[in-house]
Enquirer: 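Below you will find the structure I want to go over with you.
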Protein chains: 2
Amino acid sequence: MASRSTQILEAAARVIARRGVRGLRVEELAAEAGVSTALIYYHFKDRTGVLRQTLEFISGRAERYTADRDPDAPPLAPREELEESLLLELQDTAEVRENSSAWGELRASAVFDEVLREDLARSTLVWVQEVAALLGQVRPTAPAPSLAAAAERLTALLEGLSMRWLSGGVEITHARELMRGAIDAELAGLATPRKN
Amino acid sequence: MASRSTQILEAAARVIARRGVRGLRVEELAAEAGVSTALIYYHFKDRTGVLRQTLEFISGRAERYTADRDPDAPPLAPREELEESLLLELQDTAEVRENSSAWGELRASAVFDEVLREDLARSTLVWVQEVAALLGQVRPTAPAPSLAAAAERLTALLEGLSMRWLSGGVEITHARELMRGAIDAELAGLATPRKN
DNA sequence: TGACACTGACTGAAAATTCAGTCAAACCAT
DNA sequence: ATGGTTTGACTGAATTTTCAGTCAGTGTCA
């Protein structure tokens, strides 16, 4: 059974997914968690404190579902692993939706907030490198810089598609198709090197 | 000479680029435009009205600078026209920066704000179709759905790269290279149809 | 009984929105 | 042309709304 603080953090994740980081109202959070506003301040220093801990809470969850899949099951072919890893972020489940919109919020906020920039850049770099590594497994002969470029494009595209999905511009299934198409195109480009 | 409303919208674009959509204070906008707060409400129904019209204003401007280039100069080859049109959004000039960050904010806000969704979807659709048309000129034999998919990917990627650029994740020159690479890849895919 | 978890009612400040009017230009009948 | 009337653009000063954050307590359980 979740402790009260956890219960509040879970509620916060839901509210953020619904209203955004900058749209989170302490009163709404209290209602969502089924507690009084005062209790929020009892468990967390202030609104910013809630936000900080919620972001940690969310990124903890993200690592979990990205990593999950291991149950000593049939090892995935590199190509499948790549595709799966990218498409994982385009699923219409509460958890992924919450994570994606929080990520989008962070990205958008970072444009106006120096403080967030560094953390965001670091997380992004790690992610890009992971994808580059997966690409490398599918195309072992491709030169590293091409792999890096392809990974940057695929991850940036994923962020773009994610935003469109969340803002109602495209259906999730369509977004997934587009993403698969991009993976195809990038892999084709890596197979037949161009002046890329 | 800009009418008062236009003057206010220009100021709004600047304020949004500086503070974000959700950081826009009516008072700050009034100060930026050099008018009273009440005038804002005289010309626009409410804060949301300002936001909505600013979005239109911005996408109008984007079309303009995308369209500008005509001075009866040497007509561009389709391929160049496509590339130029997309790379136009990745320039480090005040106007483009302003447009891009306002656009990014609007996109991010639309995730949580029903009201902006529709306008945004319409503007996006127009843009995607323009790009699809340009792609069609370069690859006249490609089937329309493939053109549409490629256009969606290229524009979504551009939005993603734009955000990374604005949030300090990549250099503008690198973003441009990545964009060129994506155009190459998509055109290659359209030349040799795949199960895309 | 006292430490802990918790609440309802409240406060102060910041923002959005409205109101009552001013002013200058356009319109128009003489 | 001139005095009277109307109108649209605009403002300063409220008023109202929205929020984060506080406080004085209540219940409870060990």
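The chains referred to below are lettered A, B, ... by the order of the sequence lines, with proteins before strands, and numbering in each begins at 1.
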Enquirer: Under a 4.0 Å threshold between the charged nitrogen and the carboxylate oxygen, would Glu56(B) count as salt-bridged to Arg52(B)?
Expert: no
Enquirer: Of the nucleotides dC10(D), dG21(D), dG8(C), which one has an atom closest to the side chain of Ser36(A)?
Expert: dG8(C)
Enquirer: Can you check the Leu51(A) CG to dA20(D) C1' distance for me, whole Å?
Expert: 13 Å
Enquirer: Among the candidates dG21(D), dA5(C), dT17(C), find the nucleotide nearest to the side-chain atoms of Asp46(B).
Expert: dT17(C)
Enquirer: Given atom CD of Glu27(B) and atom C1' of dA13(C), what is their separation to the nearest angstrom?
Expert: 13 Å
Enquirer: Using atom CG of Leu24(B) as one end and atom P of dA15(C) as the other, report the distance to the nearest whole Å.
Expert: 12 Å
Enquirer: Between P on dG8(D) and CZ on Arg4(B), what's the gap in Å once rounded to a whole number?
Expert: 17 Å
Enquirer: Please pick, from dC19(D), dT11(D), dA16(C), the nucleotide with the shortest atom-to-atom distance to any side-chain atom of Arg25(A).
Expert: dC19(D)
Enquirer: Name the nucleic acid region contacted by Ile40(B), choosing base, sugar-phosphate or nothing; use a 4.0 angstrom heavy-atom cut-off, strictly under.
Expert: nothing
Enquirer: Is the shortest distance from a Lys or Arg side-chain nitrogen in Arg19(A) or Glu105(A) to a carboxylate oxygen in the other one below 4.0 Å?
Expert: no
Enquirer: Rounded to whole angstrom units, what separation is found between the CZ atom of Arg22(A) and the C1' atom of dA15(C)?
Expert: 17 Å
Enquirer: By nearest nucleotide on DNA chain C, pick out whichever of Tyr41(B) and Ala38(B) is the more 5' one.
Expert: Tyr41(B)
Enquirer: Under 4.0 Å from OP1 or OP2 of dA5(C): is there any side-chain N or O of Tyr42(A) that close?
Expert: yes
Enquirer: Could you tell me the separation between the CG atom of Leu39(A) and the P atom of dG27(D), rounded to a whole number of Å?
Expert: 17 Å
Enquirer: Quick one: do Glu98(B) and Arg18(B) make a salt bridge, cutoff under 4.0 Å?
Expert: no
Enquirer: With respect to the side chain of Thr37(B), which nucleotide from dT18(C), dA16(C), dC10(D) is positioned closest?
Expert: dT18(C)
Enquirer: Drop me the distance from Met163(B)'s CE to Trp103(B)'s CH2, to the nearest 0.5 angstrom.
Expert: 12.5 Å
Enquirer: Is the count of non-hydrogen atoms from other residues, nucleotides or ligands lying under 6.0 Å from Glu27(B) atom CD greater than 12?
Expert: no
Enquirer: Side-chain N or O of His43(B) less than 4.0 angstrom from OP1 or OP2 on dG8(D)?
Expert: no
Enquirer: Please give, in whole Å, the distance from dT18(C) C1' to Phe44(B) CZ?
Expert: 18 Å
Enquirer: Atom CD1 of Ile8(B) to atom P of dA9(D): distance rounded to whole Å?
Expert: 11 Å
